[in-house]
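Values reported hereafter were calculated over all heavy atoms of this structure, with side chains retained and with hydrogens, waters and symmetry mates removed. In what follows, chains are A, B, ... by sequence order, proteins preceding strands, each numbered from 1.
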Number of protein chains: 2
Amino acid sequence: MEKKNSGTVGVKEIARLANVSIGTVDRVLNNRVGVSEKTKAKILKIIKELDYQPNIFARRLASKKKLRFATLVPQVSEETTYWEAPLQGIKQAANEIKDFGIEVVSYFFDQNNKESFKTSAAKIVAGGFDGVLMAPMFDEESTVFIEECNLQKIPFVFINSDIPGHNNLCYIGPNLYQSGYLSAHIVNYLSPASKKTLIVNISKEIDLHHHLLRKEEGFRNYFEENNGINDISKIDIQQTSYAHIQQKLSEQLSKSSYDVVFVTNSRVSTVAKYFEEHQIKDVKLIGYDFLEDNILHLKNRTIDFLICQKPQEQGYRGVMSLYDHLVLHTSIEKEQFMPIDIITRENYQYYSN
Amino acid sequence: MEKKNSGTVGVKEIARLANVSIGTVDRVLNNRVGVSEKTKAKILKIIKELDYQPNIFARRLASKKKLRFATLVPQVSEETTYWEAPLQGIKQAANEIKDFGIEVVSYFFDQNNKESFKTSAAKIVAGGFDGVLMAPMFDEESTVFIEECNLQKIPFVFINSDIPGHNNLCYIGPNLYQSGYLSAHIVNYLSPASKKTLIVNISKEIDLHHHLLRKEEGFRNYFEENNGINDISKIDIQQTSYAHIQQKLSEQLSKSSYDVVFVTNSRVSTVAKYFEEHQIKDVKLIGYDFLEDNILHLKNRTIDFLICQKPQEQGYRGVMSLYDHLVLHTSIEKEQFMPIDIITRENYQYYSN
DNA sequence: TCATTTTTCGTGTACGTTAACGAATAAATT
DNA sequence: AATTTATTCGTTAACGTACACGAAAAATGA
C-alpha cells in the first residue's frame, strides 16, 4: 500500500522532505563533510523512513570512480595445471564486473619459490590497489604482505588455503579437515575391513604442509572416531621430480604393502604413473583434483576416487566478494567452504569444475 | 594502442564520425524506423569499426522500459518437493535482475491435473508478458500454450523437460538419455556380472512418460552397447499412492527377484519405504533427486545412488536466459544440459543443489 | 562593530542514452 | 506548380547521482 511509487524515491524527494537541496542530501549519503549535525540527523531519519535505495545505474553513470583489484595465485606450471581453474574463475568475474568500473590485474608466483611470491606481492603493494585476492601459500611471506595491506587499509581475501587469525575479508576454499575426513570415509567404503593405508604428502615447500597436515588430521580422526583399528602409515616426499618420487615410493613399498594409498593433493597422477609402471594393481588410490592427468588414470582404473572442490568457483567468488564488499557494501560470509565433490570413472564426464 | 580511450566511445562519437546527430545514431542502434538505408549503413559500419558497446547504465537510466517474465512450473506438493529447488533458482534470478526493471511473476500447476496447467497458461497469455519460462510437462497443453506465445511473439524457454521441435529460445535441463545411460553404467558398476534389473516408472499422467521413457532408452542402450546380456524388466505404476505402489511392487517381486531396481524419477523413496517395510535388503536401489526423503533412505543404506541435475540452477539459468536474450541481446545456447551429479552416502552432506 | 575565516549549504553541469517533438527534405498527389 | 503526405533527421529534455564552484550563514578574531 505505502510503496506504490516504489523505486522512485530519490535524492530529490528526500531533499524536498528535508527542506534542503539535493547537494546536501548527497553529502550525507556519501558521508562527506560540510553538513551540520542537525540537518544530517534530519536527513538520515528521512532516508531511513523512506528506505531509500540509491539508483545504482545513475550512481555508476555519474561516478568516474574506478576500482582496481589485484590477484596473486600460483602460475600454472608443468608440474600441475591446478591453478588454471581458479584463474579462469577470476577472469570470468573480472569480465562480469568490468562494466562497473573495476579493473582486475593478475599477478603470479612460483609455488616452489618464495622469492617470486615476495616480488609479486611487492608489485601489488606498490600498485595502489583497492582490493586483493591471494592464495596465501607461504605463511611468513603472506603475513608480511598482509600487514602491508592492513597498513594501507586494503581488504584482502584468501582462496584455496587459509591462514587463520588475520583480518581477511573472507576465506573461500575447502574445509581441509572435512576433506580429509571424507577421504577416510571413502577409504573405509573401499575396504570396510580395516586394512593398511598409506598417506602420501608430495610438496617441495614445507609451508604447504600446513595445508596437507590438516587433511591428514581429518583423515586420521575419522578412523579414531569410527573404527579405530585402521593401520595408517605416512610418507613425506619433498622433491616433486618423478625420479625422486619413484625412489621414495619404492623404498616405502618394499618395507610393507598397502591396501589403500591416499595422496593429499593433486600430485596423485604421479603415484598412479608409478603404479602402472610397476604393475601395482590391487591397491586402491585416492587423490585430489580434476586434472587431465588424473582423469586419465581414473579412466585407466589406476585411480579410484578424486576429490575436487570447485577451484574455478573459488576464483570467481573471491573477486566477487571484493566487489560485494567494496561496491555493494553487503556483508560477506567469513568462511565460504566449497562443496566436496567425489569424482569417479562413473561420473567424471559430467563434472564441471 | 588504438583502444586508449576504451569504453569512452558513445553515440556522440559515432554521430560525429558519421556527420549525423545522436538521434539518428540512436535510431539505428535501437533499429527504429526513420533512417535512410544509406546513412544506416554508414552508421552501422562505424559502430562495427569502433566495436561500440552501449553503456548499460546510461541505457537503463534513460529507459523507462519495464519487462515482465512469467514462470510456469509445478507447485510443490506433499507428493514431491522437487520443485522447491527450481523455484528457488527462479527467485534468485528474479532478485538479481529486478534492478534492471524486470518483474517476474510465478504461476503454478498441479502435476496430476492438466486443467490446472491450462488455467495458469491462460492467465499468462492474458497477462501480457514479455517472456515465459515453463516446465512443459503435458505435451498437448504445452503445445497449445506455445502456439499462443508464438502468436504474441513472446519468447519462451523450457526447463527440466523438453518438447523438441518447437522454437523455444532454449532448453535447460537434463540430457535424459545420458542420464539413463549413466544410471546403467552405475548399475553395471554395482553388479558387474549381468544380473536381473527392474526399471520402475511411477507417474500418474501418461504424458510424463515421454520424460521417463527417454531415460529408459538410455538405460537399455548402455547394456546393448556394452554387455548385451543384462536381463531387464520394467513396471509402470500409474497411481502415486503408497498403497497402490506397494501392491504393484509386491505383484512384480512375487513373480521374480531382482538384483537392481532403477526408479526413473524422484519417487524412489516410496520404493525404499517398501523395501524397508518388507525387509528387502539385498537389492541395489537407484533413483533421482536430492530430496529429504531420498536422503533419509540413502543414509539408511536402502538407496545406493541418487542422480541429481542441479534443479535450482535450472530455474536460475532459465530466467537468466530470457534476460540475456531480451535485454542483453546475447545469443543463447539452444540446449543447456545440466551436469549429472551422483550422490551417495559418502558425499551427500556436501552436495549443493 | 567590522572584517575575516570557517562552516554549511544551494546551484549547475556532467555522465551516456532514450524518446518525444518538430524541422527540413523528399516524394506523391492534385 | 502548388499542396499534401511521407520520410529522414536534429534538438532537447529527461533519467538519478556525483561533484565542483561559489553563495550565504555562522563563528571567530580584531
Side-chain angles (χ1 to χ4, degrees), chain A residues 5-44 46-47 50-67 98-102 326-329, chain B residues 5-47 50-67 98-102 130 326-329:
Chain A
N5 59 350
S6 78
T8 60
V9 278
V11 283
K12 216 179 312 187
E13 175 71 358
I14 297 171
R16 197 181 58 80
L17 290 173
N19 283 322
V20 296
S21 75
I22 62 168
T24 305
V25 174
D26 180 65
R27 268 180 280 265
V28 346
L29 277 173
N30 301 44
N31 57 287
R32 268 178 264 148
V33 296
V35 39
S36 71
E37 284 304 324
K38 207 172 69 176
T39 60
K40 181 172 182 176
K42 181 169 60 176
I43 290 173
L44 279 176
I46 292 176
I47 287 174
L50 262 54
D51 186 31
Y52 164 74
Q53 298 293 119
N55 183 314
I56 57 171
F57 301 96
R59 164 166 294 179
R60 176 69 208 134
L61 184 62
S63 169
K64 51 223 64 233
K65 205 176 285 169
K66 307 256 181 211
L67 290 183
K98 72 167 190 298
D99 280 343
F100 292 75
I102 290 160
L326 254 17
V327 181
L328 270 34
H329 302 105
Chain B
N5 58 352
S6 77
T8 60
V9 279
V11 283
K12 215 179 308 185
E13 175 72 358
I14 296 171
R16 195 181 59 79
L17 291 174
N19 284 320
V20 295
S21 75
I22 63 168
T24 304
V25 175
D26 181 65
R27 269 180 280 263
V28 348
L29 277 173
N30 301 45
N31 56 286
R32 270 178 263 147
V33 295
V35 40
S36 72
E37 285 302 325
K38 208 172 69 177
T39 60
K40 180 172 182 175
K42 180 169 61 175
I43 290 174
L44 279 176
K45 183 158 167 284
I46 293 176
I47 287 174
L50 263 54
D51 187 32
Y52 164 74
Q53 299 291 120
N55 183 314
I56 57 170
F57 301 96
R59 164 167 294 178
R60 176 68 205 134
L61 184 62
S63 170
K64 50 224 65 238
K65 203 177 286 172
K66 305 256 181 213
L67 291 183
K98 73 169 188 300
D99 280 343
F100 292 75
I102 291 161
D130 305 285
L326 255 16
V327 181
L328 270 33
H329 301 106

Would you list the protein and nucleotides 25-29 of chain D atom pairs, both N or O, that sit under 3.5 Å from each other?
none

| message | Below 4.0 angstrom, which residues in residues 23-42 of chain B have at least one non-hydrogen atom near DNA chain D? | response |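 Result for residues 23-42 of chain B: G23(B), T24(B), R27(B), G34(B), V35(B), S36(B), T39(B), sorted by number.
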| field | Given DNA chain D, 5'-ward residue of the pair A62(A) and N19(B), judged by closest heavy atom | value |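 Final value for this comparison: N19(B).
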| said: Please verify the inter-ring angle class for F57(B) with F100(A); under 30° counts as parallel, over 60° as perpendicular, anything in between as tilted. | reply: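 Aromatic pair F57(B)/F100(A) classed perpendicular.
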Atom [atom1] in [X], atom [atom2] in [Y]: separation rounded to 0.5 Å?
X       : Y       : atom1 : atom2 : answer
N19(B)  : T39(B)  : CG    : OG1   : 11.5 Å
I14(B)  : L50(B)  : CD1   : CG    : 6.0 Å
L17(B)  : K45(B)  : CG    : NZ    : 10.5 Å
L326(B) : D130(B) : CG    : CG    : 6.5 Å

How many Å lie between [atom1] on [X] and [atom2] on [N], as a whole number?
X      : N       : atom1 : atom2 : result
L61(A) : dC15(C) : CG    : P     : 9 Å
K64(B) : dA20(C) : NZ    : C1'   : 10 Å
Q53(B) : dT17(C) : CD    : P     : 11 Å
L50(B) : dG16(C) : CG    : P     : 14 Å
F57(B) : dT17(C) : CZ    : P     : 12 Å
N55(A) : dC15(D) : CG    : C1'   : 8 Å
D99(B) : dG16(D) : CG    : P     : 14 Å

Is the distance from OP1 or OP2 of [N] to the nearest side-chain N or O of [X] less than 4.0 Å?
X      : N       : value
R59(A) : dA18(D) : yes
K12(A) : dC15(D) : yes
Y52(B) : dT17(C) : yes

| query | Any Lys/Arg nitrogen of K40(A) or E37(A) sitting under 4.0 Å from an Asp/Glu carboxylate oxygen of the other? | reply |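 Salt bridge between K40(A) and E37(A), a charged N being under 4.0 Å from a carboxylate O: no.
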| task | Answer yes or no: is there an ion pair linking R32(A) with D26(A), defined by an N-O contact shorter than 4.0 Å? | result |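 Looking at R32(A) and D26(A), the cut-off is met.
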| Are any non-hydrogen side-chain atoms of Y52(B) and V11(B) less than 4.5 angstrom apart? |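 Of all side-chain heavy-atom pairs linking V11(B) with Y52(B), at least one is under 4.5 Å.
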Candidates [options] - which lies nearest the side chain of [X]:
X      : options                   : result
S63(B) : dC9(C), dA19(C), dT17(C)  : dA19(C)
I22(A) : dT17(D), dT17(C), dG10(C) : dT17(D)
K65(A) : dT17(C), dC19(D), dG16(D) : dC19(D)

| message | Looking at A18(A), is its backbone amide N or carbonyl O close enough to the side chain of K42(A) to form a donor-acceptor pair, meaning the two atoms are under 3.5 Å apart? | response |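 Yes; judged by distance alone, with no hydrogens or angles, the pair exists.
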